[in-house]
Amino acid sequence: MPKKLLKPEAAPSLVLERLKVWGRCIRTQRVAQQILASDLCARMGISDATLRRLERGDPGASAATYLGALMILGILDFVAPMPDQHFWSDHAFARARPASAGEEYENF
């Protein structure tokens, strides 16, 4: 049974817009670098249909597939740069807890 794909209505419009831009980048760079679709598919281990979905900006394709294509084309750091360290380095394993009454804004 095929995997169920994310429907476009399920993703926020900002995310859909970003995926379309990523897809355009993948297609533009693939053509500019004269890489055949079949060659890129073989290198990534994906089907032609999946590559077409990527290049259209389909939200059903995985983030790893998008990022893998961008990396192979050499544009990952330009299109999706690594976030600043303070967004991901502190409290990686901390758990969120509900704020008790009157404590909502104490940490700000």
Side-chain angles (χ1 to χ4, degrees):
M1 177 181 283
K3 187 168 120 176
K4 298 210 186 276
L5 301 176
L6 181 66
K7 295 181 181 175
E9 307 85 46
S13 60
L14 183 60
V15 171
L16 294 175
E17 181 182 326
R18 185 69 51 98
L19 291 175
K20 286 194 184 301
V21 170
W22 284 5
R24 257 186 259 133
C25 289
I26 291 167
R27 172 145 177 89
T28 302
Q29 285 301 306
R30 181 180 63 77
V31 171
Q33 295 177 29
Q34 299 179 349
I35 299 173
L36 297 175
S38 58
D39 291 341
L40 184 57
C41 290
R43 185 154 180 204
M44 293 182 64
I46 61 173
S47 67
D48 288 337
T50 301
L51 180 60
R52 284 193 303 271
R53 286 185 16 235
L54 283 179
E55 291 182 346
R56 279 195 321 255
D58 189 325
S62 74
T65 307
Y66 276 102
L67 296 174
L70 294 169
M71 183 190 70
I72 287 171
L73 293 168
I75 58 172
L76 176 63
D77 289 333
F78 300 105
V79 177
M82 186 67 120
D84 290 334
Q85 189 174 3
H86 74 274
F87 287 116
W88 54 271
S89 65
D90 294 337
H91 311 293
F93 299 103
R95 300 177 92 185
R97 63 178 178 83
S100 59
E103 180 178 298
E104 295 175 17
Y105 301 105
E106 286 181 16
N107 295 327
F108 295 105

Heavy-atom closest pair, residues L70 and C25 = CD2-CB, 4.5 Å
If you look only at pairs with a residue in residues 33-46, which of them pass as a side chain to side chain donor-acceptor pair (under 3.5 Å), with sequence neighbours excluded?
-> Q29-Q33
If a pair satisfies side chain to side chain donor-acceptor pair (under 3.5 Å) and one of its residues is in residues 64-87, list it, with sequence neighbours excluded.
-> S62-T65
What side-chain donor-acceptor pairs closer than 3.5 Å can you find for residues 14-22, not counting sequence neighbours?
none

List for me each residue that meets side-chain contact (heavy atoms from CB on, under 4.5 Å) alongside P83, sequence neighbours excluded, and say none if there are none.
-> F87, W88
By side-chain contact (heavy atoms from CB on, under 4.5 Å), A49 pairs with (sequence neighbours left out) S47, R52
Go through I35 and I72 one step at a time and tell me if the side chain to side chain contact (heavy atoms under 4.5 Å, CB included) criterion holds.
-> CA-CA 11 Å; I35 299 173; I72 287 171; 5.8 Å; no
side-chain contact (heavy atoms from CB on, under 4.5 Å) filter on A37, not counting sequence neighbours, yields R30, L51
In one Ile/Leu/Val/Met/Phe/Trp/Tyr side-chain cluster, 4.5 Å: V31, I26 = no
Measuring from L40:CG to E55:CD, what's the distance to the nearest 0.5 Å?
-> 7.5 Å
Those residues that, when tested against R56, pass salt bridge (Lys or Arg N to Asp or Glu O under 4.0 Å) (two or more places apart) = D58
